[in-house]
Structures are given as C-alpha cells and as structure tokens.
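Below is one structure, written out as structure tokens; the observations come after it.
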There are 2 protein chains.
Amino acid sequence: MSPEAETKHVTLRWLSDLRFEGGEPNGPTVVIDADNTTAPGPMLQLLLAAASCGGADVVSILKKMQVGLESLDVEVAGLRRAEHPKRFTSIHFIWTIRGTGLDETKARRAIDLSIEKYCSVLHSLAPDIAVSYDLRLG
Amino acid sequence: MSPEAETKHVTLRWLSDLRFEGGEPNGPTVVIDADNTTAPGPMLQLLLAAASCGGADVVSILKKMQVGLESLDVEVAGLRRAEHPKRFTSIHFIWTIRGTGLDETKARRAIDLSIEKYCSVLHSLAPDIAVSYDLRLG
C-alpha cells in the first residue's frame with residue numbers, strides 16, 4: 001500500500017422495502033431504491049457515478065482549455081447480462097456539450113483524457129465492459 | 001447479445017461547479033457532487049451502489065429465510081490508488097444486521113450469495129479489486 005493511498009468511507013442504512021440511505025459519516029446523504037421508484041437503484045447509480053466522474057473530468061479539463069462551458073449532458077446506456085449476476089457488459093455514453101471556444105478536437109481530447117487517464121470510476125470497472133461514446137456539440 | 005439482455009438508460013446534466021443531476025428519463029433523480037460538499041461524489045456513489053446492491057440482496061434473501069429484519073447497516077471502506085487513475089484496489093464491508101430468527105449462518109449465507117451470485121454492481125467491478133467483509137449481529 002502506498003503511503004499516499006486514500007481510503008473512502010461511507011455508511012449505508014436500510015430504511016424499508018429495498019430503500020437505503022447513505023453517504024460519508026457526517027456528510028450529505030443520498031437515497032438508493034433498488035425498486036427504482038423513489039430514487040435510482042444501485043445499477044442506475046453505477047451508471048450515474050461513471051457519467052458524473054467523467055463529467056467532472058470534462059468540466060475541469062475544458063475549463064483549463066479556456067472553454068466557457070454553457071451546458072453538458074450525458075446520456076448513458078448500459079447493457080446488462082440476462083442471467084445472474086446481471087452485470088454490465090457494455091456502456092455507451094452520448095455527450096452533448098455546448099460552450100464558447102469549444103470545438104470537436106477540444107471536446108474529444110477532454111473526454112479521451114477522462115477515459116484513458118483520470119476517471120477513477122471507469123477504471124474501477126471490469127476491463128471486459130466495453131466503453132464507447134458519441135459526441136454532439138450543442 | 002442475448003435477446004433477454006436489458007439496457008439501462010440514464011441521463012445526467014451538469015448543474016454548476018462539479019455538481020450533476022441525473023436518473024432514468026422521467027424517473028426520480030439524484031444529485032452527485034464531485035466536490036463531495038452538497039452530495040456524495042462519484043467514487044462515494046460507487047461504494048454506495050455496491051453496498052445497496054448487496055443490501056437489497058441480503059434483505060430479499062433474509063426475507064425468504066423467514067427472518068424478521070429489524071435493522072441493517074453497512075460500513076464500507078474503499079482503498080484508492082494514490083496515482084491517476086485513482087481507482088479502488090480493495091473494498092471492505094462491515095455488515096451490522098439485527099432481526100428475529102437471525103443467526104450468523106443465515107447472515108453469512110445471505111451475504112455470500114450476494115457476493116458470489118447476485119450482486120450485479122460488485123460483478124461489474126474489476127476482478128482485481130479485493131472484496132472482503134466482517135459481520136456483526138446487532
């Protein structure tokens with residue numbers, strides 16, 4: 001273990017049915033509902049974690065590129081196995097980004113840097129999950 | 001692709017700073033804040049997704065075992081790499097479960113079934129992430 005390695009701690013509490021609430025101790029919390037009715041369920045949260053991880057990277061990288069970001073939306077489609085465990089086998093992202101000073105080269109550079117180097121959620125996923133994306137400049 | 005395979009869709013929108021909001025189209029949404037100030041960030045959400053996925057399995061399996069579940073809490077510690085990508089290298093769960101008719105054999109059987117067969121979030125993670133757990137009967 002590297003001395004600089006960081007440990008993230010969360011606690012999760014069962015509420016009722018298949019609903020849970022959790023977060024960092026003494027931090028903000030989120031509700032997760034495995035029935036997907038009152039809140040997104042675990043597999044949706046996994047896709048949202050991947051999209052927001054990439055999103056945070058892209059927002060940060062575009063800012064360094066002097067892009068004036070106006071909007072950023074990500075659609076995510078995750079294909080699951082039909083049999084248990086119903087894990088993801090592929091995840092496809094559609095990025096729609098609008099900003100002043102933004103062009104396709106900058107947008108792709110930001111997304112590729114996230115996928116290849118920075119996105120700690122994507123890099124925590126099984127390497128046989130195929131990750132792909134499309135880009136639309138809004 | 002199996003004809004029964006399921007695709008999960010989510011959309012995520014950038015709000016401001018490193019804050020995002022998303023969920024299934026027309027479904028409930030969640031906020032994710034990569035600064036971890038107003039909501040849990042992506043790597044915390046990944047741990048919460050894993051814990052709630054396992055939690056939903058355990059709640060369901062204990063119900064089938066005729067256990068009257070009273071409380072279920074999960075503490076999660078995820079160790080990250082110090083270097084980019086700061087992916088998880090190990091995740092440890094501490095399960096605290098209380099219920100009528102519950103004993104250690106039933107609790108471990110439920111948790112082991114989730115880890116080995118059902119938990120689609122854990123099975124979507126890289127197989128070199130070491131997963132371990134402790135159990136406390138409340």
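Only heavy atoms go into these numbers, but all of them, side chains included; no hydrogens, no water, no symmetry mates. Letters A, B, ... are given to chains in the order of the sequence lines, protein chains preceding strands, and every chain is numbered from 1.
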Measuring only between side-chain heavy atoms, which start at C-beta, is [X] closer than 4.5 Å to [Y]?
{"X": "B:Leu18", "Y": "A:Ser60", "result": "yes"}
{"X": "A:Leu46", "Y": "B:Leu46", "result": "yes"}
{"X": "A:Asn36", "Y": "B:Glu24", "result": "yes"}
{"X": "A:Pro42", "Y": "B:Val121", "result": "yes"}
{"X": "A:Gln45", "Y": "B:Leu48", "result": "no"}

**Asked** Between A:Arg13 and B:Leu72, does a side-chain contact (heavy atoms from CB on, under 4.5 Å) hold up when you go through it step by step?
**Response** CA-CA 6 Å; A:Arg13 166 159 291 190; B:Leu72 183 149; over 6 Å; no
Region of [X] that comes under 4.5 Å of a non-hydrogen atom in chain A:
{"X": "B:Glu70", "answer": "backbone"}
{"X": "B:Ser71", "answer": "backbone"}
{"X": "B:Ser90", "answer": "neither"}
{"X": "B:Leu69", "answer": "both"}

Answer with side chain, backbone, both or neither: which region of [X] has an atom nearer than 4.5 Å to a non-hydrogen atom of chain B?
{"X": "A:Thr29", "result": "backbone"}
{"X": "A:Ile32", "result": "side chain"}
{"X": "A:Val74", "result": "both"}
{"X": "A:Leu125", "result": "both"}
{"X": "A:Thr38", "result": "backbone"}

Can you get from [X] to [Y] by hopping between Ile, Leu, Val, Met, Phe, Trp and Tyr side chains that sit under 4.5 Å apart?
{"X": "A:Tyr133", "Y": "A:Val131", "answer": "yes"}
{"X": "B:Val31", "Y": "A:Leu47", "answer": "no"}
{"X": "A:Val58", "Y": "A:Leu113", "answer": "yes"}

When heavy-atom pairs shorter than 4.5 Å are enumerated against chain B, which of [options] gives the highest number?
{"options": "A:Cys53, A:Gly27, A:Ala77, A:Gly54", "result": "A:Ala77"}
{"options": "A:Asp128, A:Thr89, A:Thr11", "result": "A:Thr11"}
{"options": "A:Leu122, A:Val76, A:Ile129", "result": "A:Val76"}
{"options": "A:Glu75, A:Arg87, A:Lys86", "result": "A:Arg87"}
{"options": "A:Ala51, A:Pro85, A:Ala49", "result": "A:Pro85"}

**Request:** Give a yes or no on this: more than 12 heavy atoms of other residues, nucleotides or ligands lie within 6.0 Å of atom CZ of B:Arg136.
**Result:**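 No, CZ of B:Arg136 has 12 or fewer neighbouring heavy atoms, counting only those of other groups under 6.0 Å.
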**Item:** Test side-chain contact (heavy atoms from CB on, under 4.5 Å) applied to B:Leu12 and A:Asp73, step by step
**Value:** CA-CA 6 Å; B:Leu12 185 89; A:Asp73 290 87; over 6 Å; no
Roughly how far, to the nearest 0.5 Å, is the [atom2] atom of [Y] from the [atom1] atom of [X]?
{"X": "B:Glu116", "Y": "A:His84", "atom1": "CD", "atom2": "NE2", "value": "14.5 Å"}
{"X": "A:Arg81", "Y": "B:His123", "atom1": "CZ", "atom2": "NE2", "value": "9.0 Å"}
{"X": "B:Met43", "Y": "A:Ser52", "atom1": "CE", "atom2": "OG", "value": "11.0 Å"}

**Message:** I'd like to check the side chain to side chain donor-acceptor pair (under 3.5 Å) partners of B:Thr37; sequence neighbours left out, ordered by chain and number.
**Reply:**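 With sequence neighbours excluded, B:Thr37 shows a side chain to side chain donor-acceptor pair (under 3.5 Å) to B:Asp33, given in chain and number order.
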**Prompt:** Hey, does the side chain of A:Ser124 reach the backbone of B:Phe88 with a donor-acceptor pair shorter than 3.5 angstrom?
**Reply:**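 Here the side-chain-to-backbone pair exists.
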**Step-by-step side-chain contact (heavy atoms from CB on, under 4.5 Å) determination, B:Val59 to A:Trp14** = CA-CA 9 Å; B:Val59 167; A:Trp14 174 60; 3.9 Å; yes
**Prompt:** What's the verdict on side-chain contact (heavy atoms from CB on, under 4.5 Å) for B:Arg80 and A:Thr7, showing C-alpha distance, side-chain angles and the deciding distance?
**Reply:** CA-CA 6 Å; B:Arg80 299 177 71 166; A:Thr7 302; over 6 Å; no
What are the two closest non-hydrogen atoms of [X] and [Y], and how far apart are they?
{"X": "A:His9", "Y": "B:Leu44", "result": "O-CD2, 4.3 Å"}
{"X": "B:Pro40", "Y": "A:Gly23", "result": "CG-CA, 4.4 Å"}
{"X": "A:Ala34", "Y": "B:Ala56", "result": "CB-CB, 3.6 Å"}

